[in-house]
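Heavy atoms only: backbone and side chains are in, while hydrogens, waters and symmetry mates are out. Below, chain A is the first sequence line, B the second, and so on; all start at residue 1. Predicted model only: the values in this text are computed from it and were never measured.
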Number of protein chains: 2
Amino acid sequence: MAQPRWLNDDEVSAWIALSGLMFRLPAALDAQLLRDNNLTFFDYMVLSMLSMKPGRTARLSDLAAAVYGSLSRLSNVVKRLEQRGVLRREPDPENARYTQAVLTDAGWDLVVRAAPGHVEAVRHYVIDGLDSQQIDVLRQVACHVARKVEEQPPTCPEAGC
Amino acid sequence: MAQPRWLNDDEVSAWIALSGLMFRLPAALDAQLLRDNNLTFFDYMVLSMLSMKPGRTARLSDLAAAVYGSLSRLSNVVKRLEQRGVLRREPDPENARYTQAVLTDAGWDLVVRAAPGHVEAVRHYVIDGLDSQQIDVLRQVACHVARKVEEQPPTCPEAGC
DNA sequence: AGGGTTAGCTTCAAGCTTGAACCACTGGGA
DNA sequence: TCCCAGTGGTTCAAGCTTGAAGCTAACCCT
């Protein structure tokens with residue numbers, strides 16, 4: 001391997017700070033949701049994504065992609081959420097190979113109940129205290145990383161990049 | 001609960017992008033280190049922290065704090081790393097209540113061998129492609145979040161905040 | 001129509017993390 | 001000196017994630 005291109009001081013600072021964020025922010029978000037609604041951040045993302053789909057319905061593989069989880073993980077999570085009564089599985093009537101997840105009324109209520117506290121946590125930990133220029137750069141940086149992680153630059157439409 | 005303060009469009013974009021980063025960047029870093037050195041990102045952080053301590057030695061609880069992990073998790077990881085011969089545990093000679101982790105020569109070699117590829121991955125996924133202003137804002141934002149997560153603002157010296 | 005291939009989803013074993021319980025050592029006070 | 005509270009570290013059961021293997025349904029090709 002050629003001489004490694006080490007990071008300079010500014011880059012190291014930024015990287016250390018970012019890795020601290022990666023270690024701790026998910027735990028902090030999990031803690032709030034678990035305490036208040038007995039949901040992990042991943043659970044919440046699943047239900048939240050589902051609540052935004054037309055008919056509150058989505059195919060499992062679409063859902064897995066939307067929350068960046070493996071199908072195996074999603075299958076387990078959906079099983080637990082189904083046992084809890086917040087969603088149900090049913091085969092796609094048009095193609096029995098697909099399975100749809102459908103948010104139940106109880107699931108909708110849960111999302112409605114959980115959202116304010118979660119948003120408040122996101123504000124508290126991240127958004128509040130940043131000015132609009134910092135928020136803009138944050139989006140740029142995160143989109144840049146997203147593009148790199150999936151090597152073929154596929155855009156993330158919800159984030160506008 | 002009072003009317004929730006929802007996020008505006010820019011804030012939502014930034015938040016979606018950031019949560020994508022949190023889900024996927026750790027997996028990408030793990031993948032590179034596992035493939036090339038059979039280490040998780042967490043393992044690497046432990047060894048790397050240890051390699052920077054005077055005498056390549058640290059108390060387990062200090063190490064746990066440095067990598068933002070629970071003592072229980074660190075205990076398991078250190079046990080595995082010890083079985084692998086890259087570090088050893090020994091009681092603190094000055095106070096047998098403490099346990100020190102000491103990086104072995106094999107461990108030092110492993111860090112030296114793993115570092116270039118890891119830095120290259122960090123460059124590839126994050127640093128390269130950002131200009132110095134973006135890097136600066138990234139550090140500011142990550143430090144802001146760090147400060148919020150541990151409510152008493154305790155500073156993270158390595159990141160200069 | 002029928003056999004083979006592929007895609008979607010589930011299941012299973014293996015490994016990891018968590019939190020509680022537990023053990024060991026120290027330091028302080030009666 | 002002896003006990004006791006507190007701290008550092010380990011262990012254990014429970015739960016979660018992963019990746020491989022398995023199952024089923026649909027598509028394709030002849």
Worksheet item: Would you say the ring centroid of A/H144 lies under 6.0 angstrom from that of B/Y125?
Response: no
Worksheet item: Looking for any heavy atom pair under 4.0 Å, which part of the strands does B/N76 touch: base, sugar-phosphate only, or nothing?
Response: base
Worksheet item: Nearest of D/dC16, C/dT17, C/dC9 to any side-chain atom of B/R80?
Response: C/dT17
Practice prompt. Would you check if the distance from the ring center of A/Y68 to the ring center of A/F42 is below 6.0 Å?
Written response: no
Practice prompt. Would you indicate what A/S72 reaches in the nucleic acid, counting non-hydrogen atoms under 4.0 angstrom: base, sugar-phosphate, or nothing?
Written response: base
Worksheet item: Once you round it to whole Å, what is the distance between P of D/dA14 and CZ of B/R73?
Response: 22 Å
Practice prompt. Quickly work out the B/D30 CG to C/dG15 P distance and round it to whole Å.
Written response: 17 Å
Worksheet item: Ion pair present between A/R5 and B/D128, side-chain N to carboxylate O less than 4.0 angstrom?
Response: yes
Worksheet entry | Side chains of A/D43 and A/T40, donor plus acceptor under 3.5 Å | yes
Discussion item. What is the separation between atom CD on A/E90 and atom C1' on C/dC9, rounded to the nearest whole Å?
Written reply: 16 Å
Item to complete: Round to the nearest Å and state the distance from B/Q83 atom CD to C/dG15 atom C1'.
Response: 13 Å
Worksheet item: Within less than 4.0 Å of OP1 or OP2 of C/dA7, is there a side-chain N or O belonging to A/S61?
Response: no
Item to complete: To the nearest Å, give me how far apart CZ (A/R97) and P (D/dG22) are.
Response: 21 Å
Practice prompt. For B/L71, report the nucleic acid contact type (base, sugar-phosphate, nothing); a contact means any heavy atom under 4.0 Å.
Written response: base
Worksheet entry | Exceeds 12 heavy-atom contacts within 6.0 angstrom, atom CD of B/Q133 | yes
Item to complete: Specify the residue among B/Q100 and A/V77 whose closest nucleotide of DNA chain D lies further upstream toward the 5′ end.
Response: B/Q100
Practice prompt. Grab the NZ-P distance between A/K79 and C/dG8 for me, whole Å please.
Written response: 20 Å
Response to the item:
The nucleotide from D/dT10, D/dT7, C/dC9 with an atom nearest the side chain of B/R89 is D/dT10
Item to complete: Round to a whole Å and report the spacing from CG of B/L74 to P of C/dC16.
Response: 14 Å
Worksheet item: In whole Å, what is the span from the CG atom of A/L34 to the C1' atom of C/dT17?
Response: 14 Å
